[in-house]
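Keep in mind the model is a prediction, meaning the values are calculated, not measured. By convention in this document, chain letters (A, B, ...) are assigned in the order of the sequence lines, proteins followed by strands, and residues within each chain are numbered from 1.
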There are 2 protein chains.
Amino acid sequence: MERRGEQRTTMTTIKDVAKRAGVSVSTASVALSGRGPVSEATRRRVLEAAKALDYRPNAIARSLVTRRTQTVGLVLSDITDPYFHEITKGVEHVLSAAGYALILADTDRSAAKERRSLEIFEGQRVAGIILAGSGTEDEAAPLDLKGDGIAVVTIGRHHAGLPFVAVDNVKAAGQAVAHLAETGARRIAFVAGPEGLLAAEERREGYLAALKERGLPSCPEWIVRGDFTPQGGHRAVAELLERCGRGACPEPDAILAANDQMAIGVLKGLKERGIPVPEEIAVAGIGGIPTGEFVDPPLTTVALPMKAMGEAAAGMLLEMIEGGRRKARPSVWLETHLLVRASTGAGRA
Amino acid sequence: MERRGEQRTTMTTIKDVAKRAGVSVSTASVALSGRGPVSEATRRRVLEAAKALDYRPNAIARSLVTRRTQTVGLVLSDITDPYFHEITKGVEHVLSAAGYALILADTDRSAAKERRSLEIFEGQRVAGIILAGSGTEDEAAPLDLKGDGIAVVTIGRHHAGLPFVAVDNVKAAGQAVAHLAETGARRIAFVAGPEGLLAAEERREGYLAALKERGLPSCPEWIVRGDFTPQGGHRAVAELLERCGRGACPEPDAILAANDQMAIGVLKGLKERGIPVPEEIAVAGIGGIPTGEFVDPPLTTVALPMKAMGEAAAGMLLEMIEGGRRKARPSVWLETHLLVRASTGAGRA
DNA sequence: ATGAAAGCGCTAACAT
DNA sequence: ATGTTAGCGCTTTCAT
């Protein structure tokens, strides 16, 4: 055991290691990194000294001279939203396996916080940034990054001219509508996501397109705005049931929510009103979050490959970082798939 | 607009700013940091130059000389576990508000990954580390940190001799048992957490103590081991119902799960068997995760102040970091509170 | 194969 | 009030 806590503030440096091994600092550096010519004997001595002193290379100092860091930043709009959990996990896995540190920033969907986070990232000289979840306002900030040689990959923001990992939201919504129609639904309502959010708009678009394609009726009152939270979904049912059936629009026999969180709120609202799901109204979501399996009835949904999205984004980023600027950066579309559960199941059609 | 992308690799430095402002580098530094005497005129000139050049101070270089960073590491066992979501949010908020960057590490409950993460943190010279969720094995690694002047705060690991933020798990389990008993339960089963996990063991202990205190019967077969996941809870009911009612132990009329995730799995298992909750068997959890509100029936639980725990831990850490080593570091116990919902509600007693 | 020297971008004495 | 100097811990030519 080494003595500790004697001179608390100063960690052991490469200088200490060199001294103990009886070599120069530069030789120690070369020996430690294994990236240069060293005699086997000194290499061993240096390594021993390092171990004995519990030497931990100072990444700060290294970065200053090499002008590269082993850190990447992840920006997301709300770490509390299940959509980001598997994504974050996937990102973290790939990154930590490659020896990179992951800096996390939660923007709370505020463009100001996003900008601030990006500034901190720049200050930290992160090697790359992953942007997950669209900020609701300006896209200018991300674009600024292109200037200073920081690699950027986005998840689900396949505009903005940046490399991306994404799913086809239009298609995903279409898959849900198709399934609903096949189980007998004729009057499909839609709980939309927050305005200005790309994924939300695309799903809405996909819903409308699918209705048209299948010749299903569409009605403005069947579309109600939500905010991607369960509470939002809960409010949405109330609004939906209140305004339908009176005017031109009859009550829907199915509800598609733009994400699972809202679908779960919808389920709750329906249950409170004693409306049986799926017998009277079928419900489906988009997302594939774990909770969907445990609500009642279990939620049919279009699952997004969230972990894979995180892994893919991190992988692309690492290639860009390590392959240098010339490296190709093919954006990628990942597949979604329908997950049929009871909320659209038995008892219908 | 400034020109960009001309010399891609080099960001503007303080030297550029100084030159443009027509002052020395040190004057620029002083002016920028506002921590020294400068004439109003030069201060303005420097700031203008910085803005014009879109200057972003290099935190790396600054850290190297000041020997302090504005980064803290958060280690948790599984970012996918809802327990950590609000905690992470709380931590992130406090930290980013103070201008600190948050480095996240997910250990997957592997001691090896935890150790590796801590090494990366040390390499990054983080100013502090928050340890959330016990690693299942050795506590040696965290202790090593005390050597090199890195502030450490734990969440829910109030052993290990480190400052902590925690809840009284024994009491929390007791609250649940008390409530269950008050609603008429006499035979309370327990779905325990993973072996070796502090919180899990304490809740088990609290469960047993509460039974004894209230003179409620206890039976070894009423305790079944889970793993803190919904699937684990689901398996646990199966095991419980299979082995009870045959031997010495009658079927339970209530099930307390050591966390909400498992309680949700229990609910699902019960539903599949057509056992009405809470009429025949009441169910409660510990945690207070958002999902509990949306399962059927909504889950009664003992809520832990997760966001506050994250905020408190981050706050303590910042005090330790900025107040220097002398600063007092009072560990804190936060209160839990019972959240009564339908899974133990109407239809009972 | 090894060492001396320079320098990454910044801050912090110390002069002026 | 401003500039000069030194140096944080490391990597990297360049000599030897």
When you measure from every atom of DNA chain C, which of residues 25-37 of chain A have a heavy atom less than 4.0 Å away?
A:Ser26, A:Thr27, A:Pro37
I need the full list of ring pair (Phe, Tyr, Trp, His ring centres under 6.0 Å) pairs touching residues 88-131 of chain B, with sequence neighbours left out, sorted by first then second residue.
none
Could you tell me which residues satisfy ring pair (Phe, Tyr, Trp, His ring centres under 6.0 Å) with A:Tyr83, sequence neighbours excluded, listed by chain and number?
none
With sequence neighbours left out, write down each residue that passes side-chain hydrogen bond (donor to acceptor under 3.5 Å, both in side chains) with A:Lys307, or none if nothing qualifies.
none
Full working for side-chain hydrogen bond (donor to acceptor under 3.5 Å, both in side chains) between A:Ser29 and A:Ser26:
CA-CA 5 Å; A:Ser29 172; A:Ser26 50; over 6 Å; no
Sequence neighbours left out, what passes salt bridge (charged side-chain N to carboxylate O under 4.0 Å, His left out) with B:Arg45? Give chain and number order.
none
The criterion is side-chain hydrogen bond (donor to acceptor under 3.5 Å, both in side chains); which residues satisfy it with A:Ser96, sequence neighbours excluded?
none
Going 5' to 3' along DNA chain C, which nucleotides are the first and last within contact of chain A (any atom under 4.0 Å from a heavy atom)?
C:dA1 to C:dG9
Could you work out how much the helix from C:dA1-D:dT16 to C:dT16-D:dA1 bends, comparing the axis of its first five pairs with that of its last five, to 10°?
40°
Assign B:Thr42 to base, sugar-phosphate, or nothing according to its heavy-atom contacts below 4.0 angstrom with the strands shown.
sugar-phosphate
State plainly whether the residues B:Asp81 and B:Arg109 are in salt-bridge range, i.e. N to O under 4.0 Å.
yes
First and last nucleotide of DNA chain D, 5' to 3', lying under 4.0 Å from heavy atoms of chain B
D:dA1 to D:dG9
Could you work out, with salt bridge (charged side-chain N to carboxylate O under 4.0 Å, His left out) as the rule, every residue matching B:Asp16, not counting sequence neighbours?
none
Taken in chain and number order and not counting sequence neighbours, the residues that satisfy side-chain contact (heavy atoms from CB on, under 4.5 Å) with A:Lys19 are none
Should the pair A:Glu114-A:Arg157 be classified as a salt bridge under the 4.0 Å nitrogen-to-oxygen rule?
yes
Is the shortest side-chain N to carboxylate O distance from B:Asp106 to B:Lys113 below 4.0 Å?
no
Please tell me which of B:Glu40 and B:Thr66 maps to the more 5' nucleotide of DNA chain D, matching each residue to the nucleotide holding its nearest heavy atom.
B:Glu40
Once salt bridge (charged side-chain N to carboxylate O under 4.0 Å, His left out) is applied, do any residues pair with B:Arg44, and if so which ones, sequence neighbours excluded?
B:Glu40
Hey, what's the ring geometry for A:His85 with B:His85, parallel, tilted or perpendicular (30° and 60° as the breaks)?
parallel
